[in-house]
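Working notes, structure below.
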Amino acid sequence: MGNLLAVLVNCSPVYECMTMLPRRAPGEVAGEVGESNECVMTGIPNKFIGKFYQALDGPSSLASYFSSYFLLGWLNNVTIPAIKGVPPAQLVDWYQLMYAGFNVVDNWWSARSFASELAAQVVASLEQASSGETVPGLQHTPSARLVYLAAHDTNIALLQSLLQVEWIVDGWQRQNIPPGGMFVVELHRPSGGSPATDFVRVYFEAATPEQQHAATQFDPTGGAGAVPSRVEVLVPGCLEFECPLLVFQEVLRGALEAKCVGNDLLRKWIEDSSSLLTRWSGLKVLRILRFGNGVAMAGALALAAVYGAIRLLRGALRSLRGPSADGFVQISSHGALTLDEREEHNGL
């Protein structure tokens, strides 16, 4: 933080910084910025402005802005004199300052307001792809092979808070959402299976800072060529990485706030459609209750019973199934949300 402050002070005219400091009586010493009245960023007062994308104005928001600006400049090979000679790893460390702001603004409470639409789109898209039945409010049909919704890093940060998930990808800090980073939900179905045996696997994927700086060309086949970093993500409410679709959808349904879904048709579908676990198992609906960073689950025995039954059924099918049909949902930072249901050549 001290190094970042030094860079900011050295590249900013002193008079501009001084105009942002509190006015003082003649002869009064600005104690918090030193006897010399040296202009430093910490002398700028914090101010609560209450915007959903920025809670505070002052040193923290400036640090967040410039840490992002400096890193994005380096990633895109833009010459910025203020960071000449600064190691790339230091720029990545500074980038964490932006997420300190995310932790204030994009918390679980605001996520229910601003991420419920995105979560509903994921739930509905998975339901439509799995069941083959049209879901009102979606702009794609059950036969669509690709669905694309643009997203910013803040959208992923809000979804991250809503689901209380965590990740660390190569070259980045914990919870970072780099440019082009993708929150991926893969949809799988065993050959010969049914919607009841569908399951998901969740990942976060991003190019490393060095790959972005070098504009590395990735191997589209995922073969021996360069590939981005990918880590598996465990979603609270799922008992393991391979999560039954029914359970995953219930986690999202329990986390989102239906009244905050802006699409009228989709909101009505969310409100009117019965719980998937209730519909298919006749058991009490699983409700997800979240407090801070913790996840408390009511109806855990019902979940375990349904999950166990699905696991037993899937185990019986393992010896019979061939190559699996799969799909995925991707939510990309500065990129896209995609649903791409792919089938391997298995005669289907």
Side-chain angles (χ1 to χ4, degrees), residues 1-24 29-47 49 51 53-106 151-157 168-181 206-218 226 228-229 332-335:
M1 183 69 176
N3 290 337
L4 178 56
L5 292 178
V7 170
L8 291 176
V9 170
N10 291 337
C11 73
S12 177
V14 172
Y15 76 88
E16 290 186 5
C17 183
M18 291 300 293
T19 61
M20 301 178 70
L21 294 177
R23 292 185 178 275
R24 305 183 185 282
V29 175
E32 71 268 28
V33 295
E35 291 295 329
S36 64
N37 285 325
E38 178 186 4
C39 176
V40 294
M41 192 169 65
T42 50
I44 301 172
N46 273 307
K47 180 181 179 182
I49 56 179
K51 297 180 180 178
Y53 55 88
Q54 182 184 349
L56 301 174
D57 192 16
S60 59
S61 62
L62 284 173
S64 172
Y65 171 82
F66 279 104
S67 65
S68 176
Y69 174 77
F70 290 152
L71 179 63
L72 293 177
W74 179 79
L75 292 177
N76 289 278
N77 286 281
V78 175
T79 299
I80 302 177
I83 60 173
K84 182 179 180 180
V86 177
Q90 182 69 67
L91 296 176
V92 175
D93 286 344
W94 289 349
Y95 192 56
Q96 192 69 7
L97 293 171
M98 187 177 73
Y99 293 93
F102 279 0
N103 291 337
V104 174
V105 179
D106 298 333
H152 288 282
D153 50 359
T154 50
N155 298 113
I156 297 182
I168 304 177
V169 287
D170 290 346
W172 299 97
Q173 299 288 326
R174 173 180 172 272
Q175 300 296 76
N176 279 184
I177 306 167
T208 66
E210 291 75 16
Q211 288 173 330
Q212 296 194 35
H213 179 71
T216 301
Q217 296 296 310
F218 294 123
S229 174
S332 175
S333 171
H334 310 294

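Just so we're clear, the structure is a prediction, and the values are computed from it rather than from any experiment.
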Item to check | Donor-acceptor contact present, side-chain Gln175 to main-chain Ile168, <3.5 Å | outcome: no
Distance col, row Phe70:CZ vs Ile83:CD1, nearest 0.5 angstrom, shows 6.5 Å
Residues passing the side-chain contact (heavy atoms from CB on, under 4.5 Å) test with Ile49, sequence neighbours excluded, are Lys47, Lys51, Gln54, Asp57
- Is there a donor-acceptor pair under 3.5 Å between the side chain of Ser68 and the backbone N or O of Ser64? no
Sorted by chain and number, sequence neighbours left out, side-chain contact (heavy atoms from CB on, under 4.5 Å) with Ala226 holds for Thr216, Phe218
Rounding to 0.5 Å, atoms CE (Met98) and CD1 (Ile177) come to a distance of 7.5 Å
query = Does any non-hydrogen side-chain atom of Pro209 lie less than 4.5 Å from one of Leu75?
reply = yes
Across all chains, not counting sequence neighbours, the side-chain contact (heavy atoms from CB on, under 4.5 Å) partners of Val105 are Ala55
Heavy atoms of Ala206 and Pro178 approach each other most closely as CB-CG, 3.8 Å
Residues at least two apart in sequence or cross-chain that pass side-chain contact (heavy atoms from CB on, under 4.5 Å) with Gln96, listed by chain then number, are Tyr99, Gln173, Asn176
TODO: Starting from the C-alpha separation in whole Å, work towards a yes-or-no answer on side chain to side chain contact (heavy atoms under 4.5 Å, CB included) for Val92 and Trp172.
DONE: CA-CA 7 Å; Val92 175; Trp172 299 97; 4.2 Å; yes
Smallest heavy-atom separation, Asn46 atom then Gly58 atom, equals OD1-CA, 3.8 Å
So CG of Asp153 and CG of Asp106: to nearest 0.5 Å the spacing works out to 8.5 Å
Residue pairs passing the side chain to side chain donor-acceptor pair (under 3.5 Å) test with at least one member in residues 69-85, sequence neighbours excluded, are Asn77-His213
